[in-house]
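What follows is a set of notes on a single structure, which appears directly below.
Naming convention: chains lettered A, B, ... in sequence-line order (proteins, then strands); numbering from 1 in each chain. Just so it is clear, the structure is predicted and the values come from calculations on it, not from any experiment.
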Amino acid sequence: EHITKHPLQNRWALWFFKNDKSKTWQDNLQLVTKFDTVEDFWALYSHIQLASKLTSGCDYSLFKDGIEPMWEDNWNKCGGRWLITLAKQQRHTELDRFWLETLLCLIGEMFSDYSDDVCGAVINIRTKGDKIAIWTREAENQDAVIHIGRIYKEHLGLSSKVVIGYQAHADTATKSGSLMKNKFVV
Amino acid sequence: GKKQYGREFLLDFQFMPACV
């Protein structure tokens, strides 16, 4: 029998961030590995810690090969993110499921033609509440952004009463907290 | 064409032994 791995549309890079205040932000960001098949994705996924087991201040990022998980990257700077903010108790109930669904949406290219607008996804483990976001490349591509948001919300199994927001990185970089404005909501 | 995979298809591989 002829056995081959199942190729993904894109090669993806997993990054790990661990907050060490004695180092610069960039030094704290490490490339873990890259993969481009379904089988290699699962080999990696089963080898690493679940997000809920990471310590506060840590992030995982999964981005298309060639895109760094930071606003400043050329692929990201005009883009933004669909942000899921979780309540503290959701770390034990939904965080890992949400993150896995996010990863599957990315590697499976589940946003049809608009998948090209996806840059990657980030999960932030924080004491005050964890966050998951899908980053897209162009905040002005309204059709793409809205489509991605709707499909994403569906895959997370969020009820229609839950509203999620999309913020442009340019706005996030200059504002903070309650001043952060949603460019779109679904 | 584009390599698009659905959720169920991807999950089917989660616990498969790795192939060479």
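With rounding to the nearest 0.5 Å, the separation of OH in B:Y5 from NE2 in A:H6 is 6.0 Å. A:L100 CG to B:L10 CG: the interatomic distance, rounded to the nearest 0.5 Å, is 9.5 Å. Distance CD/B:Q14 to CZ/A:F41: 8.0 Å, rounded to 0.5 Å.
With a 6.0 Å radius and a threshold of 12 heavy atoms from other residues, nucleotides or ligands, A:Q26 has its CD atom at or below the threshold. No more than 12 heavy atoms of other residues, nucleotides or ligands sit less than 6.0 Å from atom CZ of A:R150. Other residues, nucleotides and ligands place more than 12 heavy atoms under 6.0 Å from the CG atom of A:N19.
Within the 4.5 angstrom heavy-atom criterion, only side-chain atoms of A:Y45, from C-beta onward, approach chain B.
A:L95 and A:L83 end up in different hydrophobic clusters when Ile, Leu, Val, Met, Phe, Trp and Tyr side chains are linked at under 4.5 Å. At a threshold of 4.5 Å between side-chain heavy atoms, the hydrophobic network of Ile, Leu, Val, Met, Phe, Trp and Tyr places A:F35 and A:F63 in two separate groups. Follow the hydrophobic side-chain contacts under 4.5 Å out from A:W135 and you never reach A:I151; the two are in separate clusters.
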Candidate pair B:K3 and A:D36, rule side-chain contact (heavy atoms from CB on, under 4.5 Å), full reasoning: CA-CA 11 Å; B:K3 291 175 182 66; A:D36 60 5; over 6 Å; no

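B:K2 and A:D116 get closest at one heavy-atom pair: NZ-OD1, 2.9 Å. Residues A:M110 and B:R7 come closest through the heavy atom pair CE-N, 3.3 Å.
With hydrogens and angles disregarded, no donor-acceptor distance shorter than 3.5 Å links the side chain of A:W42 to the backbone of B:D12.
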